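Following: one structure in structure tokens, then a few remarks.
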Protein chains: 4
Amino acid sequence: MPRITKNPQERREEILDTAQALFGQKGYQQTAVSDIVKQIGVAQGTFYYYFKSKEEVADAIIARHLAHMLEPFSKVAGNGQWTAYEKMKVLLRMELSEDKGEGHEDAFQYLHHENNALLHQNLIVKMVRSFAPLLAAVFEQGVREGDFNIKEPLAVAEFFLTGFQFWLDSAIFHWTDAERRERVQSIGSIVEALLGMEPGMFSANRLLPGEH
Amino acid sequence: MPRITKNPQERREEILDTAQALFGQKGYQQTAVSDIVKQIGVAQGTFYYYFKSKEEVADAIIARHLAHMLEPFSKVAGNGQWTAYEKMKVLLRMELSEDKGEGHEDAFQYLHHENNALLHQNLIVKMVRSFAPLLAAVFEQGVREGDFNIKEPLAVAEFFLTGFQFWLDSAIFHWTDAERRERVQSIGSIVEALLGMEPGMFSANRLLPGEH
Amino acid sequence: MPRITKNPQERREEILDTAQALFGQKGYQQTAVSDIVKQIGVAQGTFYYYFKSKEEVADAIIARHLAHMLEPFSKVAGNGQWTAYEKMKVLLRMELSEDKGEGHEDAFQYLHHENNALLHQNLIVKMVRSFAPLLAAVFEQGVREGDFNIKEPLAVAEFFLTGFQFWLDSAIFHWTDAERRERVQSIGSIVEALLGMEPGMFSANRLLPGEH
Amino acid sequence: MPRITKNPQERREEILDTAQALFGQKGYQQTAVSDIVKQIGVAQGTFYYYFKSKEEVADAIIARHLAHMLEPFSKVAGNGQWTAYEKMKVLLRMELSEDKGEGHEDAFQYLHHENNALLHQNLIVKMVRSFAPLLAAVFEQGVREGDFNIKEPLAVAEFFLTGFQFWLDSAIFHWTDAERRERVQSIGSIVEALLGMEPGMFSANRLLPGEH
DNA sequence: AATGAATGAGTATTCATTCAT
DNA sequence: TATGAATGAATACTCATTCAT
């Protein structure tokens, strides 16, 4: 009831953050707009002052998420110092680690709610489309450096990202923890094959935490 | 109003067929149970006499679809005469051909309705889970025959099926026809890499229609 | 909560009656569908089982109302015994009397709620369109009988009904009771003029209650 | 964002003009206050600085419209030179002509949007109330001049204006163009009857464009 | 085996209006 | 004069499912 005016930027983020949290707890469909505004303590209309629809919020969250993921990925992929082989090791480690850094694992858990499958699928599609060109460039670098042996780097990048993201997604495949771990163990040799490398270059013990 | 009694088997199929047709026209969510029964000309209650829920119908349709696809796949994979290399060529051709045989292309178009993404995702997951062991056996055969060079056949089979099914799905990736065709062209060399084969063994002209 | 099944005819009327009563108390727009079903004691869905929308209910009420009014009107207009002059006297008396018979004055009060102006306007338009041909036939009869002198009976009938219904409608013109009474007094001489009659044939004391 | 200060008179008119234009395009109810201010390029608050409510704007537009119509009407009705018969001919011609002069036909088209029926009805009621006394005076003049034969000139004026305005309104009666034209043809003889004149004095060819 | 009337939970969205600045 | 962020009330409609017959 008391009218609290905020910096529009701030208010927008506030709505985004709250929506994201609730989507994670109850799923997108199950979260009512009224849930969101009640939690923030603003009027229903305020929500619609900032976003045209509930869907637009979901899109904005995904876009934000995508940007968050793209940044470190492109930093590594575009690094001028490293060899392609080193980049791949880093990228794989990044993607495979459960812990994405300081608290981010919570921030994006919302996608793993089983009611968010569609949202999730859309995110993966967008990721593949935006990461693939960067990854293809790394592949090409690797070919020039003599470590990779590969034709059609862009197609392979897309195929790999697609398989990687969907296959290892427990929310999609309903893997148990053990099942997922087994599959993570196999990723190394799949990458080696796809990139035409010597076996063992991406052996699990070189990829998983604890290695250096 | 006229009460028409039918053979239960027949009535069940009638509901399944009608539901499938409508899912294809409007999508699963957008198809109301009332749409289905109205089209058939029976009462709402009749629907629930045969199925516990709308979801059960979707599951039944998917199961039916899965069975339809599994049959030719396992026939090829389990064939005692062919080499693994021959089997792979046939399987790839089967999956890549737009025309899945006698009229079936229509029967399963329903999955390509953009509102059926979730149904579609579920089908792919089930396909991967049931096809992978068969495909892995073919891989192992190929290794024994000296044509394939591969470790962890089951993991590779799963990974490949996942990538293949999701990546080439226009309803999921929103590919244009041209975009999809490009990607189909690249599949051959991806398979060669994954199976550790000589380049060119699965070149597009050996896979696509017209080759023998 | 107890499920009470009724004869569909009966249930339909029940909804219509309740809606009409509420429209009269609060106006069409101000009456929520939930108000209607709560009053009856059925579920929201029951309403929509019988009517596609709230508007359809309003239309049905108006149609019913129109039928109720058309019946006595056409009985008089089509009577084989009376002269046109006698018919006109009876019709004018009917329309001018506040009391439309056995309790009907309540039943159709809903239109006079100021929030029902649009509904009301639609009803008048429909009335004019359906009464005019009957009235024109009476005019023609009067001409044949030598009492009326009139060209273009249909146009005059439409014009007269329109003027009559709108002008004397207190909800539209916001007349006070006194203002309306004055105007009712003048109707007789207007009719005389329109029908080309001798003055005094429809003098107020021949039209209003108390006369015979 | 740039704050543009204008002459208050000007700004007020700007709002009125814009609102009128939008009411004509989408109807009163369908036009949101936000539509109006967006079109002008001012803030929501500015609207409410000039008008207490959306309804007040509608009232102001109608009042303006009424004034525009009243002026020529009263000029003719109050003219000292003409006979009542001449005045009536001019007035009828004015009202029946599709083209109300220099571009005004566009300015008031808004009323003919079918969603403005209520606005329209209100305007007609106000017109009747303000034109009737002027018209009654003309009737009385005609009686004195021996051309009209009429009792109760005010009542007849009100009745005539009401019938005329509602009956010939295509937005209210949903007349087709042809239907409306037929009715316009009949107006002359209705006026003759109401004013107790000789037939033919207001024959269509004396009223419609082309006559002098 | 079939009917069909009845249930009832569930919510995104609009928009006129206010008010602190 | 003007801004624009914030308010908050208000509701028609869908549809999967049930159940008495």
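Lettering of chains follows the sequences in order, A, B, ..., and the numbering in each one begins at 1. These numbers come from the heavy atoms of this one structure, side chains and all, not from hydrogens, waters or symmetry mates. In this text, all values refer to a predicted model and were calculated from it rather than measured experimentally.
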Pair assignment for E:dG4, Watson-Crick or G-U wobble, requiring both distances under 3.5 Å: F:dC19
Using only atom types and a distance under 3.5 Å, with no angle test, would you say the side chain of C:R12 pairs donor to acceptor with the backbone of C:F51? no
With a 4.5 Å limit on heavy-atom distance, are the side chains of A:L66 and A:M69 in contact? no
Grab the CD-C1' distance between A:Q29 and F:dT14 for me, whole Å please. 14 Å
Atom pair distance, as rounded to whole Å: CZ in D:F47 and P in F:dT1: 17 Å
Which is more 5' along DNA chain F, the nucleotide nearest A:R11 or the one nearest B:E55? Just name the residue. A:R11
Separation of B:K38 atom NZ from E:dT3 atom P, in whole Å? 15 Å
Separation of A:I15 atom CD1 from F:dT7 atom C1', in whole Å? 13 Å
Report which part of the nucleic acid A:Y50 touches: base, sugar-phosphate, or nothing (heavy-atom distance under 4.0 Å, all strands). sugar-phosphate
Can you give me the N/O atom pairs linking the protein to nucleotides 19-21 of chain F at distances under 3.5 Å, or say none if there are none?
none

Is there a side chain to side chain contact (heavy atoms under 4.5 Å, CB included) between D:E55 and D:Y28 once you walk through the steps? CA-CA 9 Å; D:E55 203 183 349; D:Y28 170 74; 3.8 Å; yes
Residue pair A:V42 / A:R11, side-chain heavy-atom distance below 4.5 Å: yes
P-based separation of E:dA1 from F:dT21 [nearest Å]: 22 Å
Grab the CG-P distance between B:L22 and F:dC15 for me, whole Å please. 13 Å
5′-ward residue of the pair C:P8/B:Y49 relative to DNA chain E: B:Y49
In whole angstroms, how far is the P atom of E:dG4 from the CZ atom of C:R12? 18 Å
Can you tell me how far the CD atom of C:Q39 sits from the OG1 atom of C:T31, to the nearest 0.5 Å? 10.0 Å
Considering heavy-atom distances to DNA chain F, does D:N7 or C:S53 have its closest nucleotide positioned more toward the 5' end? D:N7
Is C:T46 close enough to E:dT7 that one of its side-chain N or O atoms is under 4.0 Å from OP1 or OP2 there? yes
Closest to side chain of C:A32, choosing from F:dA12, E:dA2, E:dT17: F:dA12
Rounded off to whole Å, could you give me the CD-to-P distance for the B:E10 and E:dA1 pair? 12 Å
Separation between CD1 of B:I15 and OG1 of B:T46, rounded to the nearest 0.5 Å: 7.0 Å
B:F51 atom CZ is separated from E:dA2 atom P, nearest whole Å, by 13 Å
So what's F:dT11 paired with, Watson-Crick or G-U wobble, going by both distances under 3.5 Å? E:dA12
d(C:T18 OG1, C:K38 NZ) to nearest 0.5 Å is 14.0 Å
